[in-house]
Amino acid sequence: MPRYRGRFAPTPSGPLHFGSLVAALASFLDARLAGGEWRLRIEDIDPPRCPPGAADTIQRQLEAFGLHWDGPVLWQHDRDDAYAAALSRLAAQGLAYPCSCSRKQWRDHAVYPGWCRDGLSAPDAPAAWRLRSDRGLRPVTWEDRLFGHQHFDPALLGDVVLQRKDGLWAYQLAVVVDDADQGISDVVRGFDLLDNTPWQRALQHALDLPAPRYLHLPLVMGEGDQKLSKQNHAPPLPAEEQAARPLLHAALVALDQAPPADLAAAPVAEQLAWGIAHWSVARIRPQSTRRVAARPC
Ligand code: GLU
């Protein structure tokens, strides 16, 4: 297995936008400069949020930008057995418990107070599964490659949901199991996920899994200083190479890599070759958000 293995893990709730391109590009360049692999994982654990065809569109968009992944695509909808095995393991260690409480019941608390921890969940009511944050979990710390030392108290994080009441798996459990099973050494993604990382570090510890390195990236803000997102109707990326060129250049600019201006018209393969050769995390300004000068698409 190569020493470095990165991944891009989009939720197919719609097509990719410029913000997703910046995350995919940084992860790709980081992997390629390290001579590592770059994997694609489609995070479709929540089918009602994933319209048919969105995952295909995402793959066509990545290809148009020359962001070719290694190996087979991993689909989270195929991974029930792996998530169930991880949950059983946590339950057997007394680290996970069923919880029938509703959000309304604990609305006056900052985090869920753990009322069902000691088997008090209503026996016939639908139950979610939660991770205990009061058992053997040490303060969660890691060195983010851009944002430096991170430190979180498990008691303030509360008991995160691992499986929802409707039976769907929660992102925190799925991402940890998949990163480990795929042998991911390096996670590169947007700053909006930095405050999810403590859960993932806590789960890695509880499941005795290796911890990847983390690099969180400034979030690209759109008009009105809102994060570019599908909910905010960020325009979709094109799925055609010619149209991808100026956007790829804009993504290199958004990552502070200072590409030459005349590279903007070059084929994506040429821009990526430049990007790999010049990739430098040290150049990225460690800000939680990044405004892009011109409307990128
Ligand atoms: N699926 C998540 C998203 O699209 C990303 C998960 C990750 O990179 O850990 O926002």
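Heads up: numbering here begins at 1 and tracks the sequence. For ligands, and for the atoms within them, numbers begin at 1 and follow the listed sequence.
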For Pro238 and Ala64, the nearest pair of non-hydrogen atoms, with its separation, is O-CB, 4.3 Å

Locate the shortest heavy-atom distance separating Leu217 from Ala23; write the atom from each residue and the value. CD1-CA, 3.8 Å

Are the side chain of Gln271 and the backbone of Ala266 linked by a donor-acceptor contact shorter than 3.5 Å? yes

Can you get from Val253 to Leu247 by hopping between Ile, Leu, Val, Met, Phe, Trp and Tyr side chains that sit under 4.5 Å apart? no

Arg145, Arg5, Arg3, Arg32 screened by salt bridge (charged side-chain N to carboxylate O under 4.0 Å, His left out) with Asp186, the one that passes: Arg145

For ligand 1, what are the residues with a heavy-atom contact below 4.0 Å? Arg7, Ala9, Pro10, Thr11, Glu43, Tyr171, Val175, Arg189, Leu193

Apply ring-ring contact (aromatic ring centres under 6.0 Å, His included) to residues Phe147 and Tyr214 and explain how you reach the verdict. CA-CA 10 Å; Phe147 290 95; Tyr214 288 92; over 10 Å; no

